[in-house]
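Heads up, the thing below is written out as structure tokens.
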Amino acid sequence: MAIVEKPPTPLELAPAPVVVPRQAFGLYKRPVSTTGWKSWLFTVDHKKLGIMYGVAAFVFFIIGGIEALLIRLQLARPNGTILSAQTYNELFTTHATTMVFLFVMPMGAAFWNYFIPLQIGARDVAFPRINALGFWLFLFGGLFFYLSLFLGGLPDCGWFCYAPNSGAVFSPTNGVDFWAIALQITGIASLTGSINIIVTVLNMRAPGMTLMKLPIFTWMVLVVQFLLVFAIPVISVALFLLMFQRVFGATFFDAAAGADPLLWQHLFWIFGHPEVYILILPSFGIVSEILPVFSRKPLFGYPFVVFSGAAIGFMGWGVWAHHMFASGLGPVSVAVFSATTMFIAVPTGVKIINWIATMWGGKIRFTTAMLFSIGLIVEFTIGGLSGVTHAIAPSDWQQTDTYHIVAHFHYVLFGGAVFGIFAGFYYWWPKMFGRLLDEKLGKWNFWLMVLGVNLTFAPMHISGLAGQSRRNYIIDDVQGPWVTSMNLIATIGAFVLAVGVLIFIINVVKTSRGPRNAPLDPWDARTYEWMTTSPPKEHNFDSIPPVHSIDEFFHRKYAEDHDTGEIRKVATAEEIMAEQEANADKHIHLPSPSYWPIVLASGVPVIGLGLIFSVPLAIVGGVIVLLGAYGWALEPSVADDTDFDPPAGGPSKELSTVG
Amino acid sequence: MADLAVSPVAAGHDAHDDHGAHHGSTGLSNNKLAMWLFLGSDCLLFGGLISTYMLYRGRVAEGPHPEDVYNIPFTSVSSFVLLMSSLTMVLAVTSAHRGDVKRTRLWLIATALLGATFVGGQVFEFTEMYYKGLGYTTSLFSSSFYTLTGFHGVHVTVGVIMLLSLVAITLRGRIPGNRAEVVELVGLYWHFVDIVWIVIFTLVYLIPS
């Protein structure tokens, strides 16, 4: 595994000039605020960035949710009049784009930014400044996307924006331009983030933490990052081509000019199918952490969960054309992609078996986090089963572009990915904020969301089979009572779901007003991230405890009695924490905050605006980016001691130089 | 790229870390691992662009055909120039590892000049093609050709900027010794860009459409 490079052998040692690291290129000072808004704006702390990712993604979740409710209101009765056809097109496009790119992906980033360094015993990610850059690019990309609302209209081409809908004839407003450029900006964020996280996981593990002792959430996220590294450039190419078509008048996807519209479909789905695993695997990781804790058993078949996750990562590249069965690929392609699509259900099924076997015979505690995890298993399995039926091409031809498909992917995305995210909220909230979310409200939250998901999306299976097609802005009495009645139920369900989410928000507000009184180890947890204070200190760990087993924390708390064979508690979380504090490292390197990630990121959307409206603006944006890049490079590697007010004691101010 | 100019000490690792100061759990430095991952990702970017070109290379509704505009002897020479720059890059990396500041600087400048010559050749080639009637939007062939080779040209240009930044850093006396890896990282990028050109040159110029 390890590629050990040969250290360079010095042949002749020329006297190297003396380097004074503190002066470095010290043209600018580094920011040093530890409180107030500046401490957030210029932070490179993975925990603060994680929280910012989470807050921003949740706001986008609310926006996307409101769009969904408007869509459901329009479809509640036949011949709805709430939305015009054009507004309806814009809303389903922005709803999907928001939920996929601006909610589920960055919410995954929130979790992995916050918890991966904690789970592997690192004090930050490998490149803290690039991490900050990623967050700001995501946020500015998202805001840039919604800027289209005020500058000509939202995109209206559907989230996969097929040609010719993406062309100027069918989308004359600038909406599609904003869409294409916004996704490129968030794409850079994902790409830099994924490289950063892979390097962190591979290179910065605690002593003794081999790859097969990684916490399972970290493993699933690692697979996601590899998917991102290779999927993002493919969609970037597609978006570049689309942008050049719209901005400079090329004809890459214009069938009238002899182009092949299938090119877009292939490029989009070569990205798009790995993307669905990018959305779901972090949630799989989260529930794989939660189920063992609340079943009081180790995860059943840890290596199987790891390797099935990796297998999904590999096989996810070989199934994209099942999104295109109706496009006339020819019998050979269709047969091959049918087979691979059926086959990819196997590693997913392996995981479901593992989760059920983990719970089997366990002492299950039905906390809200556990309920959401069980909810994921059930709802995802329903969505997965309908997914397998789509692998059968003749059946898929009937279902393509109907609400049957809509039902399928909402079961796996809402019932799967989103339930996993909510499970993570309830499980890790005490770790992140030192406060336990209210369990009673949590149960209401869970049951309303389960009811809402099934009430909203189960009827769509039927209305889809009854002939209701996607993206039609009205339903009609002619389509029959199945379609009209099922749509009414779905609309009611959507509002039940919204009430469930509202209760979560009430829970968060209520909890944040309460005292910070969560116990150190509220769930009797098993993994490394619980071996520090809640919330964690800025440097995460006072000392990095070595790792001897999967579920390191559990094995420090419990041991087998040699005579009776019973498992006994031998240490409390407080004792383990005290031992770590007693052995605190004397010199702790932490990256300094930096002005430049936000400066550099702010130039990128300006370039985007320039490409759409006027080239000089793009040049201004380019100058900002260039200044940001050189400011970044010329920044001193550490903040000077005299910059701190008051001069801080405690851990040394000798800070890391990478970022 | 700006990040490469700083030392490869792993952030977050404490001073008495037993992995060694510069290398993490895998034995590679963070910066080098990140560069390899970026290059892996970039392969897919060029993969997409090359596929697009291969699909559209024969699609000429109007305007000149590929064989009307390609000047293969000229492009062969500029390709040769680019390939030679890989040699000078290797020499720069070995000099940096030896701690030989002067030669490092010399070979970095040579590499940058060769790269700039290649980009200059591409600008000349594009201009010539434009006067032969091959605009960006003339045909599917022209759009996909300019997009693919243009993207490669941008990569080379970014590489030249990185090389010149390295030259500036050697002038401040910060390259030799344990910072030699920075030169190596730029070298990895540079060789990658060269290898991609070999693929592009073969598929675009040498194989008739």
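Chain letters run A, B, ... following the sequence lines, proteins first, then strands; residues in each count from 1.
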Any heavy-atom pair between the side chains of [Y] and [X] that's under 4.5 Å?
{"X": "Ile195(A)", "Y": "Met35(B)", "result": "no"}
{"X": "Cys43(B)", "Y": "Phe230(A)", "result": "no"}
{"X": "Phe240(A)", "Y": "Leu49(B)", "result": "no"}

Part of Phe151(B) within contact of chain A (heavy atom distance under 4.5 Å):
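Contact with chain A: side chain only.
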
Top residue by heavy-atom pair count (under 4.5 Å) with chain A, among Tyr136(B), Phe38(B), Phe46(B)?
Tyr136(B)

For the interface with chain A, which of Gly135(B), Ser142(B), Gly48(B) has the highest count of heavy-atom pairs at distances below 4.5 Å?
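When all of Gly135(B), Ser142(B), Gly48(B) are compared, Gly48(B) has the most.
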
Looking only at the side chains, is there a donor atom on one of Asn203(A) and Ser25(B) sitting less than 3.5 Å from an acceptor on the other?
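No, no side-chain donor-acceptor contact under 3.5 Å.
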
In terms of heavy-atom proximity below 4.5 Å to chain B, should Leu191(A) be classed as side chain, backbone, both, or neither?
side chain

Between Ile270(A) and chain B, which part of the residue has a heavy atom less than 4.5 Å away: side chain, backbone, both or neither?
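Interface part for Ile270(A): neither.
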
Among Leu202(A), Thr200(A), Val199(A), whose side-chain contact (heavy atoms from CB on, under 4.5 Å) with Asn30(B) holds?
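The side-chain contact (heavy atoms from CB on, under 4.5 Å) with Asn30(B) is passed solely by Val199(A) among Leu202(A), Thr200(A), Val199(A).
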
Look at the side chain of Thr137(B) and the backbone N and O of Ala250(A), then say whether any donor-acceptor pair between them is shorter than 3.5 Å.
no

Expected output: side-chain Tyr56(B) to main-chain Phe252(A) donor-acceptor under 3.5 Å:
yes

Go through the steps to decide whether Tyr630(A) and Ser165(B) satisfy the test side-chain contact (heavy atoms from CB on, under 4.5 Å), and finish with yes or no.
CA-CA 10 Å; Tyr630(A) 274 94; Ser165(B) 303; 3.2 Å; yes

